[in-house]
Amino acid sequence: MAPLASLCLPLLRLSAPQLLKPGPAIAALAWQQSRSHRLSPTGDELYEKTTVTRIERDSPEMMFIERYSSQGFIINGDQVVGPCVVIPKSILQWNVASYKDISLESLSLFYLLVPKIEILVLGTGDRVERLDPAIARFMRQKGVAMEIQDTPNACATFNFLTSERRVTAAALIPVSA
């Protein structure tokens, strides 16, 4: 019925304008007639582009965390079991069992490295855990910014910062099963 009405409305307007009286039925037909979808871009939309960038390693020297599990991590194709530290050109085992074991001593490597680490991304397992504020303050005094996140987000953040060529390190505790 609506398609027939939408075809007849223009003819009725042209042939007998005095028969059309404004009202809700006429307004509904007019709305159905003018309803359409714009398929072509207009104005500034012609100049706006959406781009998608897939983060991948640019070189074999760049560290890239491919997967994480309750067992550990796959970094540059190598399986690492348990907690680990990822620095610009190396992967090390990290001697912590949980976030409660993170101390100034367990983080001392990060402010001793040359070239200096800009950002340390700390993955604390399943959840973001609070560390002693003295640890963050000490690392800041040593010139190392710390980003504390749950491990899945820490892996993604590390990959993103590394792809931007930032001098980044990660200290990661696997998620629980």
Side-chain angles (χ1 to χ4, degrees), residues 37-42 44-177:
H37 296 285
R38 183 174 47 89
L39 298 176
S40 60
T42 60
D44 289 343
E45 292 176 348
L46 292 171
Y47 302 104
E48 294 177 10
K49 292 183 180 179
T50 301
T51 59
V52 176
T53 304
R54 186 171 172 200
I55 299 175
E56 292 185 9
R57 283 186 292 163
D58 290 339
S59 69
E61 297 171 357
M62 184 182 289
M63 292 294 171
F64 191 75
I65 303 168
E66 297 168 12
R67 264 184 261 150
Y68 62 88
S69 70
S70 60
Q71 303 299 312
F73 306 90
I74 296 183
I75 303 168
N76 287 4
D78 297 323
Q79 185 171 1
V80 180
V81 178
C84 69
V85 167
V86 184
I87 53 178
K89 296 187 182 195
S90 300
I91 305 167
L92 308 168
Q93 288 297 139
W94 193 29
N95 194 20
V96 296
S98 74
Y99 76 95
K100 296 174 185 171
D101 298 327
I102 298 173
S103 65
L104 289 175
E105 184 181 355
S106 68
L107 297 176
S108 62
L109 168 71
F110 300 107
Y111 60 83
L112 296 174
L113 287 172
V114 175
K116 191 169 194 65
I117 298 296
E118 292 177 42
I119 301 172
L120 168 61
V121 181
L122 198 57
T124 56
D126 292 323
R127 303 178 345 178
V128 177
E129 301 290 351
R130 294 183 65 99
L131 298 182
D132 181 5
I135 294 173
R137 192 171 31 252
F138 180 79
M139 293 299 282
R140 227 181 356 262
Q141 287 172 352
K142 293 292 187 177
V144 179
M146 278 190 7
E147 184 67 36
I148 302 168
Q149 300 177 332
D150 59 337
T151 296
N153 286 316
C155 292
T157 300
F158 174 81
N159 287 342
F160 178 76
L161 291 170
T162 301
S163 73
E164 287 189 331
R165 304 241 184 250
R166 304 282 298 269
V167 183
T168 308
L172 305 168
I173 299 171
V175 294
S176 57

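Throughout, numbering of the chain's residues begins at 1 and tracks the sequence.
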Original post:
Could you walk me through whether L109 and L92 pass the side chain to side chain contact (heavy atoms under 4.5 Å, CB included) check?
Top reply: CA-CA 11 Å; L109 168 71; L92 308 168; 3.7 Å; yes
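- I135 CD1 to E105 CD: the interatomic distance, rounded to the nearest 0.5 Å, is 11.5 Å.
- Taking CG from D78 and CD1 from I91, the interatomic distance works out to 5.5 Å, rounded to the nearest 0.5 Å.
- Looking at every heavy atom in both residues, I173 comes nearest to S98 through CD1-C, 3.6 Å.
- A search for side chain to side chain donor-acceptor pair (under 3.5 Å) contacts involving D126 returns S176, not counting sequence neighbours.
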Subject >> Residue pair L120, Y111: steps toward the side chain to side chain contact (heavy atoms under 4.5 Å, CB included) verdict >> reply: CA-CA 10 Å; L120 168 61; Y111 60 83; over 6 Å; no
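- K116 contributes no side-chain N or O that, together with a main-chain N or O of V167, makes up a donor-acceptor pair within less than 3.5 Å.
- Heavy atoms from other residues, nucleotides or ligands lying under 6.0 Å from CG of N95 number 12 at most.
- Between E147 atom CD and T168 atom OG1 the span is 11.0 Å, to the nearest 0.5 Å.
- A search for side chain to side chain donor-acceptor pair (under 3.5 Å) contacts involving D132 returns nothing, not counting sequence neighbours.
- Residues V175 and T151 approach most closely at CG1-CB, 4.0 Å, considering heavy atoms.
- The closest donor-acceptor contact from the side chain of E66 to the backbone of G77 lies under 3.5 Å.
- Atom CD of E164 has more than 12 heavy atoms from other residues, nucleotides or ligands within 6.0 Å.
- Proximity of C84 to I75: side-chain heavy atoms (C-beta onward) are separated by under 4.5 Å at one or more points.
- I119 CD1 to L161 CG: the interatomic distance, rounded to the nearest 0.5 Å, is 4.5 Å.
- Checked by atom type and distance alone, the side chain of Q93 pairs as donor or acceptor with a backbone atom of V81 at under 3.5 Å.
- Counting heavy-atom neighbours within 6.0 Å of E118 CD, excluding the residue itself, gives a total above 12.
- A distance-only check finds a donor-acceptor pair linking the side chain of W94 to the backbone of S106 [under 3.5 Å].
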Original post:
Would L172 and V80 satisfy side chain to side chain contact (heavy atoms under 4.5 Å, CB included), going step by step from the backbone distance to the final call?
Top reply: CA-CA 11 Å; L172 305 168; V80 180; over 6 Å; no
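- Annotation: side chain of Y99 is not in contact with side chain of L122 (no heavy-atom distance under 4.5 Å).
- Between the side chains of Q149 and T157, a donor-acceptor pair is found at a separation under 3.5 Å.
- The minimum heavy-atom distance between N76 and F64, with the atom names listed, is OD1-N, 2.8 Å.
- Between P152 and Y68 the shortest heavy-atom distance is CB-OH, 3.2 Å.
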**OP:** For the pair I102 and E129, evaluate side chain to side chain contact (heavy atoms under 4.5 Å, CB included) and give the outcome as yes or no after the intermediate values.
**Re:** CA-CA 11 Å; I102 298 173; E129 301 290 351; over 6 Å; no
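- Closest approach of M63 to T162, counting heavy atoms only: O-CG2, 3.4 Å.
- Between V128 and N153 there is no side-chain heavy-atom pair separated by less than 4.5 Å.
- Nearest heavy-atom pair, A169 versus I87, reported as atom, atom and distance to 0.1 Å: CB-CG2, 4.0 Å.
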